[in-house]
Structure formats: C-alpha cells, structure tokens
**Q** 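Right, I'll just put the structure down here and ask away after.
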Amino acid sequence: AMKAIGQRVVIQSHPVHQYIGKYDTSDFWSRHLRWGRIRKAQAPLAFLIEPLFSSLVSGVLGALASSMAWHVPPSKFALFHFGVWSLCDLMLARALDGSLRMWMPGAWFVRELLSLPLWVHTALGNTVLWRGQRLAIQRGGLLKNS
C-alpha cells in the first residue's frame with residue numbers, strides 16, 4: 001500500500017521501548033485479545049496455525065512424536081523442550097531490558113499456560129473493548145463502532 005502511493009517502508013534497527021503502565025489481569029487479557037483479533041482479521045490463515053508455534057502445543061506434539069519415533073519418555077522431552085524454550089525467552093528479555101527479575105520465570109510459565117485459552121477466546125469473537133468502547137473488527141483489521 002505504501003509503495004502504491006509512492007512511499008517506502010523503513011524498519012527501525014533497534015527496538016522501541018514501550019511503557020504500557022500498570023495493569024491487572026483483566027487489562028492484560030483484553031490487550032492480548034484485542035491484538036489477537038486484529039491479527040486474526042489481517043491474516044486468518046496464519047492465525048489458524050498460530051497455536052502450533054506456542055511452546056505448549058509444540059511441546060506436546062514434540063513429546064508424542066519423540067516418544068513414538070525414538071522412545072524418548074514424554075516427560076523428559078517436555079522438560080528439555082520447556083527448559084530450552086524458557087531459556088531462549090528469558091535471554092531475549094535480558095537482551096532487550098538488560099536485566100532479569102526474579103518474577104520473570106513464573107510470569108513466563110503463566111503466560112505460556114494461558115496462550116491456548118487466549119487463542120480460543122480470540123478465535124470465538126470479532127469484537128474488542130478499547131477504552132470502554134466495544135468495536136467490531138472488519139476484514140483487514142480495521143475497527144468500527146459496533
């Protein structure tokens with residue numbers, strides 16, 4: 001779209017730090033639900049396979065496959081899988097923020113457990129609540145008063 005109007009897109013080489021502010025569990029859920037539903041509207045096929053790339057679903061599928069193919073106990077595969085996955089995420093968090101906090105591994109674990117229920121909730125609707133106003137998500141991700 002930018003090229004069509006004679007513009008070009010340039011991507012920043014460094015992350016932009018965002019301060020989201022303090023929020024509770026409901027705000028966290030609503031924010032991720034809103035972004036998930038916008039992603040679903042913009043790229044529905046990619047959204048359908050999104051759970052396969054979560055640590056939980058890929059870990060379960062990997063544990064089943066390694067058990068059947070190489071007789072690796074699913075518990076050993078799962079321990080290794082989640083250990084490597086969490087280590088990578090925590091290293092990324094440290095690279096972006098410069099530090100790790102004691103609560104981060106627990107927060108990572110809870111986030112991963114909530115990823116599949118959040119995806120299901122995202123899949124079941126096409127509206128979002130934004131600053132107290134219910135909006136319908138149109139094809140392509142545009143928001144409209146509902």
**Q** Apply side-chain contact (heavy atoms from CB on, under 4.5 Å) to residues E112 and F109 and explain how you reach the verdict.
**A** CA-CA 5 Å; E112 295 304 309; F109 182 72; 5.8 Å; no
**Q** For the CZ atom of R31 and the OG atom of S26, what is their distance to the nearest 0.5 Å?
**A** 14.0 Å
**Q** Would you say CZ of R139 has more than 12 non-hydrogen atoms from neighbouring residues, nucleotides or ligands within 6.0 angstrom?
**A**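 Check fails, neighbour count at 12 or below.
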**Q** Measure across V57 and P51 and return the closest heavy-atom pair with its distance rounded to 0.1 Å.
**A**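 That closest heavy-atom pairing would be CB-O, 3.1 Å.
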**Q** Going hydrophobic residue to hydrophobic residue with side-chain gaps under 4.5 angstrom, can you get from L118 over to L124?
**A**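 L118 and L124: separate clusters.
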**Q** Of all residues at least two apart in sequence or in a different chain, which pass the side-chain hydrogen bond (donor to acceptor under 3.5 Å, both in side chains) check with T122?
**A**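 Result, side-chain hydrogen bond (donor to acceptor under 3.5 Å, both in side chains) vs T122: none returned.
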**Q** Which heavy-atom pair separates G62 from F77 by the least distance, and what is that distance?
**A**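 It is C-CE2, 3.3 Å.
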**Q** Would you kindly confirm whether V110 and W29 end up in one hydrophobic cluster when ILVMFWY residues are joined by side chain heavy atoms under 4.5 Å apart?
**A** yes
**Q** Using a 4.5 Å cut-off on heavy atoms from C-beta on, say whether the side chain of R111 contacts that of D89.
**A** yes
**Q** In Å, rounded to the nearest 0.5 Å, how long is the span from OG of S54 to CG of L61?
**A** 8.5 Å
**Q** What do you reckon, is CD1 of I11 surrounded by more than 12 foreign heavy atoms closer than 6.0 Å?
**A**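 No, not enclosed.
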**Q** At what distance, to the nearest 0.5 angstrom, does SG of C88 lie from CH2 of W108?
**A** 10.0 Å
**Q** Indicate yes or no: at least one non-hydrogen side-chain atom of S66 is less than 4.5 angstrom from one of K76.
**A** no
**Q** For the hydrophobic clusters of this structure (ILVMFWY residues joined by side-chain heavy atoms under 4.5 Å, transitively), does one cluster hold both L90 and W103?
**A** yes
**Q** Could you give me the CA-CA distance, side-chain angles and deciding distance for N126 and K40, then say whether side-chain contact (heavy atoms from CB on, under 4.5 Å) is met?
**A** CA-CA 9 Å; N126 290 313; K40 180 178 76 167; 3.0 Å; yes
**Q** Taking the side chain as every heavy atom from C-beta outward, state whether R8 and V10 have any pair of such atoms under 4.5 Å apart.
**A** yes
**Q** Are L116 and L52 connected in a single hydrophobic cluster, I mean Ile/Leu/Val/Met/Phe/Trp/Tyr linked by side-chain heavy atoms less than 4.5 Å apart?
**A**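 As far as the 4.5 Å side-chain criterion goes, L116 and L52 are connected within one cluster.
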**Q** Determine the interplanar angle of the F47 and W119 rings, folded into 0 to 90°, and report it as parallel if under 30°, tilted if 30 to 60°, perpendicular if over 60°.
**A** parallel
**Q** State the OG1-CG distance between T127 and N145, to the nearest 0.5 angstrom.
**A** 12.0 Å
**Q** For a 4.5 angstrom cut-off between non-hydrogen side-chain atoms, does Y23 reach S30?
**A** no
**Q** Any idea which heavy atoms bring G141 and A41 closest together, and the distance?
**A** N-CB, 3.6 Å
**Q** Return the NE2 to CG distance between H121 and L33, rounded to the nearest 0.5 Å.
**A**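 If I round to the nearest 0.5 Å, the distance is 5.0 Å.
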**Q** For the CG atom of L87 and the CZ atom of F82, what is their distance to the nearest 0.5 Å?
**A**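 L87 atom CG to F82 atom CZ measures 14.5 Å (nearest 0.5 Å).
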**Q** Parallel, tilted or perpendicular: which one describes the rings of H32 and F28, with boundaries at 30° and 60°?
**A**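 The arrangement is tilted - the two ring planes meet at 30° to 60°.
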**Q** Evaluate the criterion side-chain contact (heavy atoms from CB on, under 4.5 Å) for residue pair I137 and L143; output intermediate values, then yes/no.
**A** CA-CA 5 Å; I137 302 176; L143 299 174; 3.5 Å; yes
